[in-house]
Amino acid sequence: MTQIFDLRFYGPLADAIDRQVEFAPDSSVGDVAALRAALARRYACAQALLSADKSCCVIGDGFVGENHLLSGGEAVEFFPPVSGG
Amino acid sequence: MRAFRAQADGCGALASFTGIARPLGHGGGAVTAMFLDHHPRLTLQSMEQIRAQAVSRFALVDARIIHRCGPILPSEPIVWVAASAPHRRAVLDAVDCMMDRLKTEAIFWKREETALGAHWIEPTEADHAAAERWA
């Protein structure tokens, strides 16, 4: 079954990719790390910002780690470094 | 401020700070506009956490944070922070603390637009050092 993720981006990531994207990876992804890698392949211009040391992953308004398991259909958000207020 | 003061019954001290968009950017060039991106829920949550922790830490009667988002022009206000307490040291420290933490922890993304183009900015070393004072 094809996985489709509802992705939201903020700040410079929104500029580089888009505000919201329905993303179907080329091959199945099992966790956040794999989703990042798939995104970096699709959006090479945002590769640096998509790296784990540059952006955080948020699911259900909670920050999740690289090993967080994904099944497809989740709404996943990526936060670049915050500027603060 | 008037409304905040009206609710500060019995307090001996009120303090507030207003942050204003500077006309010069981080690189020294003239800023034509700023854009503040935010998250629909987590931005407010991050601000509320900063406010609530200040109320607890400084034994405040009350504290408020109001922060704009979206497009902001030079010389426009961006943020307003206020605190009330029985004595002045608490409110002065609380406002200072809340601002230092807002500059590094609040979930905003800030883009400066200049004649040379737009760029997203991150907290400076000075911002981080200032926030470290309260750790």
Side-chain angles (χ1 to χ4, degrees), chain A residues 4-23 31-33 35-36 38-40 42-70 73-85, chain B residues 17-21 25-26 34-51 65-70 72 77-81 95 97-113 117-131:
Chain A
I4 298 179
F5 296 95
D6 175 15
L7 303 180
R8 316 265 167 119
F9 301 97
Y10 297 87
L13 273 173
D15 272 2
I17 297 173
D18 206 340
R19 193 72 175 168
Q20 185 174 354
V21 166
E22 253 197 7
F23 180 69
D31 59 19
V32 168
L35 177 59
R36 274 190 202 277
L39 280 169
R42 181 79 58 86
Y43 302 103
C45 61
Q47 196 169 33
L49 272 174
L50 282 167
S51 67
D53 61 341
K54 266 298 198 181
S55 62
C56 299
C57 183
V58 173
I59 297 176
D61 288 352
F63 291 89
V64 299
E66 296 305 288
N67 297 328
H68 183 88
L69 297 177
L70 301 170
E74 292 98 331
V76 182
E77 299 176 297
F78 285 94
F79 287 14
V82 297
S83 305
Chain B
F17 169 84
T18 301
I20 294 169
H26 279 58
M34 190 179 351
F35 178 77
L36 276 170
D37 195 6
H38 74 291
H39 187 275
R41 293 169 300 282
L42 294 182
T43 296
L44 257 182
Q45 193 175 301
S46 69
M47 288 166 52
E48 173 53 30
Q49 185 173 49
I50 291 169
R51 188 203 74 82
I65 300 173
I66 297 175
H67 205 302
R68 291 178 60 195
C69 56
I72 296 172
I78 304 171
V79 58
W80 181 78
V81 170
V95 168
C97 177
M98 285 190 282
M99 274 312 306
D100 285 341
R101 293 190 64 195
L102 280 169
K103 295 291 285 180
T104 54
E105 296 172 37
I107 297 176
F108 288 101
W109 296 273
K110 202 180 294 181
R111 185 180 68 211
E112 280 185 348
E113 292 159 19
H119 63 277
W120 294 91
I121 60 180
E122 295 185 23
T124 63
E125 293 284 335
D127 290 331
H128 285 294

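Naming: A, B, ... by sequence-line order, numbering from 1 per chain.
Contact check for A/Pro80 versus B/Trp120: no side-chain heavy atoms found under the 4.5 Å cut-off.
Nearest heavy-atom pair across B/His38 and A/Arg19 is O-NH2, 3.7 Å. Taking all atoms of both residues into account, the shortest heavy-atom contact from A/Val82 to B/Ile107 is CG1-CA, 4.0 Å.
Atoms CG and OG, from B/Leu36 and A/Ser83 in turn, are 7.5 Å apart once rounded to the nearest 0.5 Å.
Ring geometry, A/Tyr10 versus B/His39: the interplanar angle falls from 30° to 60°, so the pair is classed tilted.
Looking only at heavy-atom pairs under 4.5 Å with chain B, the residue among A/Pro81, A/Gly11, A/Ala14 that has the most is A/Gly11. Looking only at heavy-atom pairs under 4.5 Å with chain A, the residue among B/Leu42, B/Ile121, B/Leu102, B/Thr43 that has the most is B/Leu42.
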